[in-house]
K.L.:
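Next up is a structure, given as structure tokens.
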Amino acid sequence: MTSKDIHLDICGDQNEVAVIRLTRPKKRNAINDALILSIRDLFEKLPATVHAAVIDGEGEHFCAGLDLSELSERDAGQGLIHSRMWHAALERVQYGPVPVVAALHGAVVGGGLELASACHIRVADASTFYALPEGTRGIFVGGGGAVRIPRLIGAARMADMMFTGRVYNAEDGERIGLSQYVVPAGDAFKKAFELAQVIAKNAPLTNYALMHVLPRIAEQPADQGYVSEAMMAAIAQSAPEAKERVRAFLDGKAAKVKKA
């Protein structure tokens, strides 16, 4: 799938990694309705060979948020429906068919941070900066950020960003939980793609559990979480691929964990 707003490449020796690139560099990859719908549709139609994905932004910025120049005036009901459209699209990123790695650089602002927070791993290069300027513009996050971002950094930090317009750089963003990796400027995509290749080699059922089950266990009371964990562990280890991988390790055919 390719359009003026987004481009998809299927990469890897076995076509196992989808590279999804926002292609509105003149707009700092700001998200309009066509782009958010394209993201939804793309994740619903990924080829069966794909086992991991990378989201990147063309040009100097990952994504500068909602395209305010295309923001039409809406009444409350229309605004609600528009926000729910974003929710549906980013649900397909977070709870879609494959794990997603975000390659962050330049602006990761507003809706761009909402998109990044829906991904499972975030790699930021040294040029990355994060902000939630909605508070200073008289609006509120509407793409799932009020749910996802506090789970990464806490409600108090998110409120501070919106109250004051605070901007975090790449290093401080990693420190508070906005990314898991920081790399030199220009290296975010390279690192993200390498991680996606590693992830694509995992047992699909384990990846599914990490995407769909682990986040829900984390929100359950402990006694319920333990039961959910036990059930998922039993299901995962019963898969034929899991048995083959354990057998290979016991036979000395799989690499052991070594100190990094």
K.L.:
Roughly how far, to the nearest 0.5 Å, is the SG atom of C63 from the CG atom of L35?
P.N.:
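Separation between the atoms: 7.0 Å.
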K.L.:
Same cluster or not: are I176 and V141 linked, directly or through other Ile, Leu, Val, Met, Phe, Trp or Tyr residues, by side-chain heavy atoms under 4.5 angstrom apart?
P.N.:
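Shared cluster, yes.
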K.L.:
Using the ring pair (Phe, Tyr, Trp, His ring centres under 6.0 Å) rule, collect all pairs that involve residues 114-163, keeping only residues at least two apart or in two chains.
P.N.:
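Qualifying pairs, neighbours excluded: none.
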K.L.:
Using the salt bridge (charged side-chain N to carboxylate O under 4.0 Å, His left out) criterion, which residues pair with R175? Sequence neighbours excluded.
P.N.:
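Result, salt bridge (charged side-chain N to carboxylate O under 4.0 Å, His left out) vs R175: D172.
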K.L.:
Does R216 count as lying over the ring of Y95, i.e. NZ or CZ under 6.0 Å from the six-ring centre, within 45 degrees of the axis?
P.N.:
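Ring-cation test returns yes.
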K.L.:
Below 4.0 angstrom, N of the basic side chain to O of the carboxylate: do D67 and R24 qualify?
P.N.:
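Here D67 pairs with R24 in a salt bridge, since their nearest N and O are under 4.0 Å apart.
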K.L.:
Sorted by first residue and then second, give each salt bridge (charged side-chain N to carboxylate O under 4.0 Å, His left out) pair with at least one member in residues 126-152; sequence neighbours left out.
P.N.:
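Checked against salt bridge (charged side-chain N to carboxylate O under 4.0 Å, His left out) - neighbours excluded - the pairs reaching residues 126-152 are E91-R148, R151-E219.
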K.L.:
Does V123 reach the side chain of F189, with side-chain heavy atoms less than 4.5 Å apart?
P.N.:
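Of all side-chain heavy-atom pairs linking F189 with V123, none is under 4.5 Å.
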K.L.:
I need the E194 CD to I199 CD1 distance, nearest 0.5 Å.
P.N.:
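The distance works out to 12.0 Å.
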K.L.:
Can you find a heavy atom in the side chain of L90 that is under 4.5 Å from one in the side chain of Q94?
P.N.:
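No - every pair of side-chain heavy atoms lies 4.5 Å or more apart.
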K.L.:
Heavy atoms, side chains only, cut-off 4.5 Å: are R74 and H82 in contact?
P.N.:
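Yes. Closest side-chain heavy atoms under 4.5 Å.
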K.L.:
Do W86 and L37 sit in one hydrophobic cluster, given that two such residues count as connected whenever their side-chain heavy atoms are within less than 4.5 Å of each other, even indirectly?
P.N.:
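Result: yes, single cluster for both.
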